[in-house]
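Structure record follows, encoded as structure tokens.
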Protein chains: 2
Amino acid sequence: MKLPSRIMEDAVTEFSRLPGIGKKTALRLVLHLMQEDASRVGQMAESLQRLKTELRYCKRCFNIAEDDLCSICMGRNRQHQMICVVESLRDLLAIENTQQYQGVYHILGGVISPVEGVGPEQLHITELIDRLPGLESPELILALNPDIEGDTTAFYIHAQIKKAGLDVRITSIARGISFGGELEYTDEITLARSLAARMPYQRNSDS
Amino acid sequence: MKLPSRIMEDAVTEFSRLPGIGKKTALRLVLHLMQEDASRVGQMAESLQRLKTELRYCKRCFNIAEDDLCSICMGRNRQHQMICVVESLRDLLAIENTQQYQGVYHILGGVISPVEGVGPEQLHITELIDRLPGLESPELILALNPDIEGDTTAFYIHAQIKKAGLDVRITSIARGISFGGELEYTDEITLARSLAARMPYQRNSDS
């Protein structure tokens, strides 16, 4: 669609570069913004700029941070010897959203995937190993996606810790059928694993 | 969802203020932007700013313009005595997209709607009437949505022209569009045909 102004076209192009936003939606957003106050649009533009200028990665866990360390690594009420290893910021956010976890995190920035050409050296695994010696009886909770890449990465981390001779408790988040999931429609691997990893029965008080 | 940084939260809030974008989508967009180059994000922010700082309304037809007049009003190949009256910029864009129309436009900026508290004085109707005396055998094509507000507005414009004693041919785009249909979402062929098959304006008895 030809637009009456280059400036408008540029804005539509910028928006349509975002994931899941096509030309039509981009145009709708631009038309919306054009009817907004200049101050509101300025605020949005500034807000975008600040994402890149004022945010950085936490030096310890690679979460998003405004200072050298992120708010979680600086948290006083956090159990700093318990480190949950996740693939990405999204996974961290998903776990934080449960409001049940009191430990800290380590974002790997991906998983080992030969197909995608991602090796361990591209991930923050060395930084993870380096965090462990300073901690008192540390625990590593591997919260990686239950697929081949996740399993490979988990195994690699486990091997590296053994190699370094560190005394670390390594656990992995429980794998099984999700709450509300139907046994009938669960895939075989999940079902086989939840049978193998069966737990003593206990009545669940909160369900 | 609690985010690790206020700056990120602000950006998510800004995005979720856009129409059709919820919190989850806003977060996805922000996470995407955070992984983009700073220059790309800067370009997007600048592009948004320019929407408000460099764009204005065409003094003649109220289309979006970078100068006093829009590119259509300044067009040499346009038939300037043929004015297509539309409700909004979106409708102008829809008609331009047919690539069939050679005249110019006049954007009313809305339609008369007592329910929404929009009277004729809030619309660019006076400016439309003022354009006519300077033109040689002008034609007004009323391309308003075929609903009660559109019909009311068309009738009001018709009455104002008669009152001013102007000799103007008034036509209306053909009703290939169903009653209650939206101009913006009509396919190009239907829209192009309704322009070609425009009829002399007459007050619609059934609405």
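Protein chains get the first letters and strands the later ones, always in sequence-line order, with residue 1 at the start of each. Small disclaimer: the values here were computed from a predicted structure and weren't measured.
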Problem set entry | Contact residues of residues 41-69 of chain A (partner chain B; heavy-atom separation under 4.5 angstrom) | A:Val41, A:Gly42, A:Gln43, A:Met44, A:Ala45, A:Ser47, A:Leu48, A:Gln49, A:Arg50, A:Leu51, A:Lys52, A:Glu54, A:Leu55, A:Tyr57, A:Asn63, A:Ile64, A:Glu66

Exercise. Counting only heavy atoms not in B:Glu121, do more than 12 fall under 6.0 Å of its CD?
Worked result: yes

For this session: Answer yes or no: does atom CD of B:Glu116 have more than 12 heavy-atom neighbours from other residues, nucleotides or ligands under 6.0 Å?
Result: no

Exercise. So which of A:Thr25, A:Val30, A:Leu31 has the largest heavy-atom pair count under 4.5 angstrom toward chain B?
Worked result: A:Leu31

Problem set entry | For the student: nearest non-hydrogen atoms of B:His32 and A:Pro19, plus distance | CG-CD, 3.4 Å

Exercise. Counting heavy-atom pairs under 4.5 Å to chain A, which of B:Asp10, B:Thr13, B:Leu29 comes out on top?
Worked result: B:Leu29

Problem set entry | Heavy-atom side-chain contact between A:Phe15 and B:Leu18 under 4.5 Å | yes

Exercise. When you check the gap from the basic side-chain N to the acidic O, do B:Arg17 and A:Glu36 get nearer than 4.0 Å?
Worked result: no

Seminar exercise, completed: In short, B:Ser71 meets A:Pro4 closest at the heavy-atom pair OG-O, 3.5 Å

Problem set entry | chain B contacts, top residue of A:Met8, A:Glu96, A:Gln99 (heavy-atom pairs, under 4.5 Å) | A:Met8

Problem set entry | Enclosure of B:Arg40 CZ (heavy-atom neighbours >12, cutoff 6.0 Å) | yes

Exercise. At a heavy-atom separation under 4.5 Å, does B:Ile21 approach chain A through its side chain, its backbone, both, or neither?
Worked result: side chain

For this session: May I ask you to check whether over 12 heavy atoms, not counting those of A:Asp167, lie within 6.0 Å of atom CG?
Result: no

